[in-house]
Colleague: 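Provided herewith is a single structure, encoded as structure tokens, for subsequent inquiry.
We name chains A, B, ... by the order of the sequence lines, and we start the count at 1 in each one. These values consider heavy atoms only, across backbone and side chains, with no hydrogens, waters or symmetry-generated copies.
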2 protein chains.
Amino acid sequence: MPATAQSPSLVDTVSRRIITLARNHTSDRLPTERDMAARFGVSRSVVREAAKRLELQGLLEIRQGSGMKIVDKLHKPLSSAVHLLVPDEKKRLVQLTEVRLALEPENARHAAERATATELRKLKAAHDRLKNCQDFETQVLADMEFHCLIAEASGNKIGALLMQSLSDLLQTSLSHGYRLVTKDQAVEDHARILDAILLRRADEAATAMKTHLLHARDDLGLKKTLSNR
Amino acid sequence: MPATAQSPSLVDTVSRRIITLARNHTSDRLPTERDMAARFGVSRSVVREAAKRLELQGLLEIRQGSGMKIVDKLHKPLSSAVHLLVPDEKKRLVQLTEVRLALEPENARHAAERATATELRKLKAAHDRLKNCQDFETQVLADMEFHCLIAEASGNKIGALLMQSLSDLLQTSLSHGYRLVTKDQAVEDHARILDAILLRRADEAATAMKTHLLHARDDLGLKKTLSNR
DNA sequence: TAGTGGTAATTGGTCAGACCAATTGGAATG
DNA sequence: CATTCCAATTGGTCTGACCAATTACCACTA
């Protein structure tokens, strides 16, 4: 990873040991910086640097006065990178939508081919949550969750990671004034996608997803894609 | 970004100031930790933590005894995350190929619609480099560069970031024993893609890219995609 | 004069201890 | 039992010292 020196630095070594500790830990709470420093026989600054690295990688959440929590958010670094890369929210939304139009029909196709029974159940539950939601925040969450579950059901972990990051970024944009207008259209579109997946019709699932994303794009007023680049 | 506390931490603030400094700096070398600590009126450990954060984000390269170099490698965090997510090289390659099959035909389509004259020149030059290369390492680099240039020419920065990361990961896998077998096929495929882009035939470009990726997949022996999940 | 080797200065990596800021748990009070 | 307050705990920052890697400069040799 960083600092391609010949021998691993102490921070490299301690990062790896913290990951191992996290994987074998029964609680979702890690020992304190001071404890780990004593345990690993290094200074607190090394532990601190290693922990901060893991935080940035989406594996830990660190709070002053509270300690370190083990999490699984490997998509966070990508979300940060995209934010840095395209700071303008409108441009970012345009480009995110375009990437989604490439990725998500294939996610739906693969989900139709590969989803497990458990995954199908989760998809149905997520669809119900969208149908039943009353406020905008919950609508956005349920909508994005449906998409992330499809990515997971595709069986491609990398695709699922990308989708989680896209979802995070979209949620940020949507909470900043970009509004989904028509929940009814989304519910109808999702139902079509879900039916195609349940019936294992891969092509139909891909087409239904593309149609849905085009609707969503239109709803967000993003029809003119990248013409002013 | 991290530590969603109400007021920005010193490390947050100093990270931003380093970014500003990097953007206005004539040299690609930043001042030393000690210099920046004095300049920003903070301790060296705060500068260090801020710099390490920027390193992980792909904005700096730090070397002991040598100092800090400003770089632009925003794709690096994603590469690391994917590595952590899918440690198994074969599985990773399978999934990367699948993601490429989703993303890259659309990259080619958009490149055909949007590439500038400069970008087209770069694509031609990259194609020539692939045709003329003699050894495997150079072949891989030229091949991946062609793909990254298409992603850039698509005008979608997020897509280009994803492609750079995928390219990094692929180069790692290919240097670990996964061999591209038929350069002639790649050259022929690339020529078709390039022609379609030059002639602004978006659909043809997308189809040619998909064909190329299917050839590459077959060459790598990845036909059986995710059937053992 | 050009090339090589050695050394000192510089710069990042680590250590230790102190103090500050945020959180949490326990005790006291109503 | 519920609420408030305070002390202990835990991460954030500071300081100064020392260690490890790199680079620039100087001296020597061919």
Side-chain angles (χ1 to χ4, degrees), chain A residues 1-19 21-22 25-71 73 76, chain B residues 1-19 21-22 25-71 73 76:
Chain A
M1 297 211 258
T4 57
Q6 42 273 40
S7 69
S9 67
L10 277 186
V11 175
D12 292 333
T13 303
V14 168
S15 291
R16 272 189 282 268
R17 292 186 69 175
I18 295 177
I19 290 179
L21 192 59
H25 216 51
T26 52
S27 153
D28 72 341
R29 289 276 153 179
L30 278 178
T32 65
E33 286 181 355
R34 290 172 178 95
D35 284 351
M36 287 194 279
R39 183 183 300 197
F40 299 148
V42 297
S43 77
R44 200 179 133 206
S45 64
V46 170
V47 171
R48 186 170 179 72
E49 216 170 291
K52 290 295 189 173
R53 184 189 289 183
L54 295 178
E55 184 185 35
L56 267 179
Q57 290 178 330
L59 295 173
L60 297 184
E61 278 175 358
I62 301 172
R63 284 219 146 202
Q64 179 175 1
S66 181
M68 304 184 195
K69 183 179 173 189
I70 303 159
V71 297
K73 298 187 177 181
K76 299 209 70 178
Chain B
M1 297 215 262
T4 57
Q6 42 276 45
S7 68
S9 67
L10 277 186
V11 174
D12 291 334
T13 303
V14 169
S15 291
R16 271 188 283 269
R17 292 185 70 173
I18 295 177
I19 290 178
L21 191 59
H25 218 52
T26 53
S27 154
D28 71 343
R29 289 275 152 178
L30 278 178
T32 65
E33 288 182 353
R34 290 173 177 93
D35 284 350
M36 287 194 280
R39 185 184 297 197
F40 299 148
V42 297
S43 76
R44 202 177 133 206
S45 63
V46 172
V47 171
R48 186 171 179 72
E49 216 170 290
K52 290 296 191 174
R53 182 187 291 183
L54 296 178
E55 184 184 35
L56 267 180
Q57 290 178 332
L59 295 174
L60 296 187
E61 278 175 358
I62 300 172
R63 285 227 140 188
Q64 181 175 358
S66 180
M68 304 184 194
K69 183 175 170 189
I70 303 160
V71 297
K73 299 187 174 179
K76 299 210 68 176

Colleague: Separation of A:Lys69 atom NZ from C:dT24 atom P, in whole Å?
Modeller: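 Computing the A:Lys69:NZ to C:dT24:P distance gives 11 Å.
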
Colleague: Rounded off to whole Å, could you give me the CE-to-P distance for the B:Met36 and C:dG12 pair?
Modeller: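 Between P of C:dG12 and CE of B:Met36: 7 Å.
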
Colleague: Hey, is CZ on B:Arg39 packed in by over 12 heavy atoms from elsewhere, all under 6.0 Å?
Modeller: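 No, the 6.0 Å shell around CZ holds no more than 12 heavy atoms from other groups.
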
Colleague: Report the distance from atom CD1 of A:Ile62 to atom P of C:dT23, rounded to the nearest whole Å.
Modeller: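 Result: 14 Å.
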
Colleague: Can you check the A:Leu60 CG to D:dG11 P distance for me, whole Å?
Modeller: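 Rounding to the nearest Å, CG of A:Leu60 and P of D:dG11 are 11 Å apart.
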
Colleague: Picking from D:dT13, C:dA22, C:dT23, which would you name as closest to the side chain of A:Arg63?
Modeller: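 Out of D:dT13, C:dA22, C:dT23, the nucleotide with an atom closest to A:Arg63's side chain is C:dT23.
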
Colleague: Quick one about B:Asp12 and B:Ser15 (side-chain donor to acceptor, distance below 3.5 Å, no hydrogens or angles considered), yes or no?
Modeller: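 No, B:Asp12 and B:Ser15 have no side-chain donor paired with an acceptor closer than 3.5 Å.
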
Colleague: Measure the CG-CZ distance between B:Leu60 and B:Arg53 for me, rounded to the nearest 0.5 Å.
Modeller: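 That separation rounds to 12.0 Å.
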
Colleague: Nearest to the side chain of A:Thr32, heavy atoms from C-beta on, is which of C:dA16, D:dG11, C:dG12?
Modeller: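 Of the candidates, D:dG11 comes closest.
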
Colleague: Quick one: which of D:dG12, C:dC15, C:dG12 gets closest to the side chain of A:Val46?
Modeller: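 Among D:dG12, C:dC15, C:dG12, the one nearest the side chain of A:Val46 is C:dC15.
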
Colleague: Expressed in angstrom and rounded to an integer, what is the separation of B:Glu55 atom CD from C:dG13 atom C1'?
Modeller: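 My rounded result for the distance is 12 Å.
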
Colleague: Just how far, in rounded Å, is C1' of D:dG11 from CG of A:Leu30?
Modeller: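 These atoms are roughly 14 Å apart.
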
Colleague: Which part of the nucleic acid, if any, lies within reach of A:Ser66 when heavy atoms closer than 4.0 Å are counted: base, sugar-phosphate only, or nothing?
Modeller: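 Sugar-phosphate: the residue A:Ser66, judged by heavy atoms under 4.0 Å, touches backbone atoms but no base.
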
Colleague: Distances under 3.5 Å between protein N/O atoms and the N/O atoms of nucleotides 16-18 of chain D, please, pair by pair.
Modeller:
none

Colleague: Quick one: CG on A:Leu59 to CD1 on A:Ile70, what's the gap to the nearest 0.5 Å?
Modeller: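 Here the rounded value is 10.0 Å.
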
Colleague: If you pin B:Gly41 and A:Met68 to their nearest nucleotides in DNA chain D, which one's is more 5'?
Modeller: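 Final value for this comparison: A:Met68.
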
Colleague: What distance separates A:Arg63 CZ from A:Lys69 NZ, expressed to the nearest 0.5 Å?
Modeller: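 With rounding to 0.5 Å, CZ (A:Arg63) is 9.5 Å from NZ (A:Lys69).
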
Colleague: It should be established whether B:Ser43 places a side-chain nitrogen or oxygen under 4.0 Å from OP1 or OP2 of nucleotide D:dC14.
Modeller: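 So the side-chain polar atoms of B:Ser43 do come within 4.0 Å of the phosphate oxygens OP1 or OP2 of D:dC14, strictly under.
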
Colleague: Mark yes or no for whether A:Thr13, through its side chain, and A:Ser9, through its backbone, hold a donor-acceptor pair below 3.5 Å.
Modeller: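 Side chain of A:Thr13 to backbone of A:Ser9: a pair is present.
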
Colleague: Is the distance from OP1 or OP2 of C:dG13 to the nearest side-chain N or O of B:Lys52 less than 4.0 Å?
Modeller: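 For B:Lys52, the contact criterion (side-chain N or O under 4.0 Å from OP1 or OP2 of C:dG13) is met.
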
Colleague: Starting at CD of A:Glu61 and ending at P of C:dT23, how long is that distance when rounded to a whole Å?
Modeller: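 From A:Glu61 CD to C:dT23 P: 14 Å.
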
Colleague: Between D:dG11, D:dT13, C:dC15, which nucleotide gets closest to the side-chain atoms of A:Ser45?
Modeller: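 When the side chain of A:Ser45 is considered, C:dC15 is the closest of D:dG11, D:dT13, C:dC15.
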
Colleague: Between B:Glu55 and B:Lys52 (salt bridge meaning N to carboxylate O under 4.0 Å), is one present in this structure?
Modeller: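 Counted as a salt bridge, because a side-chain N and a carboxylate O are separated by less than 4.0 Å.
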
Colleague: Could you tell me how far apart A:Arg53 (CZ) and C:dG13 (C1') are, to the nearest whole angstrom?
Modeller: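 Checked: the CZ to C1' distance equals 12 Å.
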
